[in-house]
Amino acid sequence: MRKDVPEQLARCRTGLQVSLHENACRSIYEYFRSDLPCVISSAMAGFNFDLITRQNGIIASDAEMPDAIQTVLNHPEQFSPRHWFLNQSGSERSSHLLNELFRDVFREQGYRWREDIVPLGSSGANRYVDETDYLRFRPEFEELLEILRRFLPVRLSLE
């Protein structure tokens, strides 16, 4: 279960990503969040290898994999994946970066920027950093919920 992941990862010394496709991005970020440097197969598809730095892990070919794993296990002090994770990722940080991007586009196009986008937190139904933003948008959520209920054969809730 998702809630058990941190406890399981706390028992580990490194993250190893050899799956070529399945859930690569999520597992790698779970490793970083748990302060585990990651060894990643260079054959993995669909992943941005620019995210892997000397701070958080090693990208290795199949032939390089044993040495890369040995490096991570023997020299954990060379890595600080949680520090990298906290400074480089997260929904709130992404919200701010997206806001800056939109603000720049508006300026370049000659439009006046009126209001920043609402920053989101990590996960869950209510992802707003500021609860007042959720309350402000609740009428729109309720309207969308009613529309979805008419077209989808599932039970949906705002709670």
Side-chain angles (χ1 to χ4, degrees), residues 1-109 113-138 141 156-159:
M1 304 253 325
R2 181 169 168 73
K3 67 178 178 56
D4 299 327
V5 170
E7 180 182 341
Q8 295 298 319
L9 289 178
R11 299 167 44 196
C12 300
R13 293 175 52 207
T14 187
L16 180 60
Q17 184 62 50
V18 293
S19 172
L20 298 183
H21 303 288
E22 191 174 337
N23 286 329
C25 295
R26 178 170 220 146
S27 65
I28 291 169
Y29 280 100
E30 292 290 348
Y31 296 145
F32 294 163
R33 182 180 289 131
S34 296
D35 207 23
L36 297 173
C38 195
V39 177
I40 299 169
S41 170
S42 62
M44 185 171 56
F47 182 75
N48 180 0
F49 290 111
D50 292 338
L51 295 174
I52 306 305
T53 69
R54 290 184 198 171
Q55 190 176 9
N56 60 26
I58 300 173
I59 300 166
S61 68
D62 289 347
E64 300 166 329
M65 194 67 66
D67 289 337
I69 294 169
Q70 200 66 35
T71 297
V72 170
L73 292 176
N74 290 337
H75 302 286
E77 74 283 352
Q78 293 180 1
F79 302 93
S80 51
R82 182 162 175 81
H83 183 266
W84 179 91
F85 174 81
L86 293 173
N87 287 303
Q88 300 297 323
S89 66
S91 298
E92 188 171 354
R93 183 178 187 284
S94 296
S95 296
H96 289 295
L97 290 173
L98 184 61
N99 189 78
E100 292 304 312
L101 177 72
F102 283 149
R103 185 182 296 184
D104 290 345
V105 168
F106 269 61
R107 282 187 194 132
E108 289 170 11
Q109 297 299 315
W113 185 258
R114 292 188 177 101
E115 185 176 357
D116 288 343
I117 63 171
V118 175
L120 298 177
S122 59
S123 64
N126 184 357
R127 296 180 54 191
Y128 292 100
V129 172
D130 185 343
E131 186 178 341
T132 61
D133 289 324
Y134 176 75
L135 297 173
R136 182 167 52 127
F137 296 126
R138 187 167 176 107
F141 292 146
L156 299 170
S157 170
L158 290 179
E159 307 312 322

- Find the distance between CG (Asp35) and OG (Ser80) and round it off to the nearest 0.5 Å. 7.5 Å

- Message: Does atom CZ (Arg93) have a neighbourhood of more than 12 heavy atoms from anything else shown, all under 6.0 Å?
- Response: yes

- CG-CD1 distance between Asn74 and Ile69, expressed to the nearest 0.5 angstrom: 11.5 Å

- Item | Over all atoms of both residues, closest heavy-atom pair of Leu73 and Arg13 | O-NH2, 3.1 Å

- Between SG of Cys38 and CG of Leu51, what distance do you get to the nearest 0.5 Å? 11.5 Å

- Grab the two heavy atoms, one from Pro37 and one from Val72, that are nearest each other, plus how far apart they are. CG-CG1, 3.4 Å

- Message: Rounded at 0.5 Å granularity, tell me how far OG in Ser89 sits from CG in Asn56.
- Response: 10.0 Å

- Examine distances only and state if a side-chain atom of Arg33 and a backbone atom of Phe85 form a donor-acceptor pair shorter than 3.5 Å. no

- Determine the minimum heavy-atom distance between Leu36 and Leu9, stating which atoms define it. CD1-O, 3.7 Å

- Heavy atoms of Ile52 and Phe32 approach each other most closely as CD1-CZ, 3.7 Å

- If you round to the nearest 0.5 Å, how far is CG of Leu101 from CZ of Phe106? 11.0 Å

- Item | Flag if over 12 foreign heavy atoms under 6.0 Å of CZ, Phe137 | yes

- Item | Among His83, Arg82, Gln88, Gln78, side-chain hydrogen bond (donor to acceptor under 3.5 Å, both in side chains) partner for Gln55 | His83

- Donor-acceptor contact present, side-chain Asp67 to main-chain Ala60, <3.5 Å: no

- Give a yes or no answer on whether the side chain of Ser34 reaches the backbone of Pro6 with a donor-acceptor pair at less than 3.5 Å. no

- Query: Is the closest side-chain donor-acceptor distance between Tyr134 and Arg138 under 3.5 Å?
  - Reply: yes

- Query: How far apart are the closest heavy atoms of Val18 and Ser41, and which atoms are they?
  - Reply: CA-CB, 4.1 Å

- Message: Could you work out, with side chain to side chain donor-acceptor pair (under 3.5 Å) as the rule, every residue matching Arg103, not counting sequence neighbours?
- Response: Asp116

- Message: Would you compute the distance between atom CH2 of Trp84 and atom OG1 of Thr53 and round it to the nearest 0.5 angstrom?
- Response: 7.0 Å

- Message: I need the minimum non-hydrogen distance between Leu16 and Tyr31, along with the two atoms involved.
- Response: O-OH, 3.3 Å

- Item | Worked verdict on Phe79 versus Thr14 for side chain to side chain contact (heavy atoms under 4.5 Å, CB included) | CA-CA 10 Å; Phe79 302 93; Thr14 187; over 6 Å; no

- Listed by chain and number, what are the salt bridge (charged side-chain N to carboxylate O under 4.0 Å, His left out) partners of Asp104, not counting sequence neighbours? Arg107

